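Here the structure is laid out as structure tokens; the discussion comes afterwards.
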Protein chains: 2
Amino acid sequence: MSNSNESNTQEIIKKTAREVFFQKGLDGARMQDIADKAGINKALLHYYFRSKEKLFEIILDEEKQNFMRYLEDIITSQDITFFEKIEKIVEKQIDNMINAPHLPHFIMNEIIKRPELLNQVIGNSGFKRVFEVFVKQTSAEVKKGTIRNIKGEQLMMNIMCMDTYPFIAKPYFMNLMGIESEAEYIKVMQKRKKEVVEFIITAIKL
Amino acid sequence: MSNSNESNTQEIIKKTAREVFFQKGLDGARMQDIADKAGINKALLHYYFRSKEKLFEIILDEEKQNFMRYLEDIITSQDITFFEKIEKIVEKQIDNMINAPHLPHFIMNEIIKRPELLNQVIGNSGFKRVFEVFVKQTSAEVKKGTIRNIKGEQLMMNIMCMDTYPFIAKPYFMNLMGIESEAEYIKVMQKRKKEVVEFIITAIKL
DNA sequence: GTCTATACAGAGATAGAC
DNA sequence: GTCTATCTCTGTATAGAC
């Protein structure tokens with residue numbers, strides 16, 4: 001609260017906890033592990049954040065904000081074409097995944113374990129409304145004859161699939177493609193942006 | 001072993017454990033919970049499967065067999081066209097996901113937590129070799145002029161993305177699309193097969 | 001604010017009766 | 001093979017000194 005950097009220790013804890021929770025999930029994470037990695041002791045974790053649950057909730061709250069919400073600006077934008085929108089969506093989504101590669105898996109993981117989280121995650125994001133806008137826009141384009149007959153739901157699903165899954169299955173694809181380092185995989189994903197856009201546009205353009 | 005149905009109780013335990021592990025992961029699962037759902041007590045779990053770890057390993061071993069391996073027949077098949085292969089891959093993959101919707105998330109989950117599992121999962125599957133065959137086939141098609149210039153790695157990635165991610169993010173998409181029941185979602189996925197095939201073919205065909 | 005020591009609870013595993 | 005009772009360990013959480 002008193003702000004002015006929110007106390008250094010507190011930030012270090014959150015940063016560390018985020019990493020551990022991302023990799024191990026709520027159940028797999030150990031307070032001891034977080035403490036060790038943060039260079040402090042367990043008691044201090046509880047001093048700053050009453051309990052493991054509480055700490056987790058805070059991380060989740062912060063992270064879920066980053067999950068999908070950024071699409072609103074692009075989709076509701078008036079002054080770019082439908083194709084340009086798709087291009088921007090793909091680029092933005094892949095960029096976001098590069099910055100927070102564990103996020104989608106982390107979110108899905110906790111939703112599967114505790115389905116009641118779903119409303120919390122999606123509900124507040126307002127993305128549902130934006131999604132419906134996109135569906136309508138797609139229908140409009142079909143009517144205009146700029147794209148072939150396709151449902152917006154399917155199209156958005158395809159976009160999200162191709163942007164997101166390569167990060168969820170990252171270790172799998174890395175192995176398959178013989179890629180050794182994270183850095184190299186990121187490069188491949190950077191280049192992939194163009195490919196995905198081209199793939200999608202070609203699939204729908206008339 | 002003595003076979004003849006592998007003892008009923010043992011099978012019930014495995015079936016139950018699979019469900020619980022799928023939903024909660026190794027760490028989140030509780031032996032008490034498995035016992036309750038299976039209608040027996042904890043001690044019996046340990047009687048049949050020494051430990052939680054052991055039980056988990058057995059489930060994982062069985063399930064990983066189902067993960068991707070089935071693609072080999074299709075890809076190495078000689079008497080169908082490249083486009084027919086894609087059609088069959090998509091159909092087969094989505095069918096498999098319908099039958100075991102939690103599998104990909106489950107596998108990825110454990111790989112992220114214990115990266116050493118990766119070799120075990122991919123290594124034995126032989127899918128890596130099959131993947132390379134597909135990459136070569138794609139190049140050949142490009143050269144033949146039947147499809148536009150695209151790398152096999154990207155194409156296969158796109159296929160796997162579109163087949164798999166809708167099941168990982170199932171609760172998310174269900175909410176987004178206003179779908180209430182699992183059964184209805186499966187119907188949507190059944191219909192989706194055709195859509196995905198069309199999407200991919202349109203995206204690459206010359 | 002940060003530490004050490006410790007209480008407490010939960011979950012995996014075992015002993016032993018039937 | 002199946003059960004109840006119990007042991008043991010691990011991990012969260014707290015008390016209290018500095």
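Predicted model, so just to flag it, every value in this text is computed and none were measured. Just so it is clear: chains get the letters A, B, ... in the order the sequence lines come, proteins before strands, and each one is counted from 1.
Contact annotation: A:N41 side-chain N/O to C:dT2 OP1/OP2 distance is not under 4.0 Å. OP1 or OP2 of D:dG1 has not a single side-chain nitrogen or oxygen of B:S7 nearer than 4.0 Å.
Pairs engaging residues 181-203 of chain A under the ring pair (Phe, Tyr, Trp, His ring centres under 6.0 Å) rule: none recorded [sequence neighbours left out].
Each of B:K187, B:R192, B:K193 was compared with B:Q190 under the side chain to side chain donor-acceptor pair (under 3.5 Å) criterion, and only B:K193 meets it.
Annotation: A:E116, atom CD; neighbour count of heavy atoms from other residues, nucleotides and ligands within 6.0 Å is above 12.
A distance below 6.0 Å separates the ring centres of B:F56 and B:F21. Centroid-to-centroid, the aromatic rings of B:F82 and B:F134 come within less than 6.0 Å.
Rounded to whole Å, the distance from CG on B:L45 to P on C:dA13 is 10 Å. Straight-line distance from the CD1 atom of B:I40 to the C1' atom of D:dT4: 14 Å, rounded to whole Å.
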Original post:
When you check every protein heavy atom under 4.0 Å of nucleotides 5-18 of chain D, what one-letter string (B, S, -) results, 5' to 3'?
Top reply: ------SBBBB---
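Residue A:Y48 places its side chain closer to C:dG1 than to any other of C:dC3, D:dT4, C:dG1.
B:D36 and B:Q32 share a donor-acceptor pair across their side chains, judged by distance under 3.5 Å alone.
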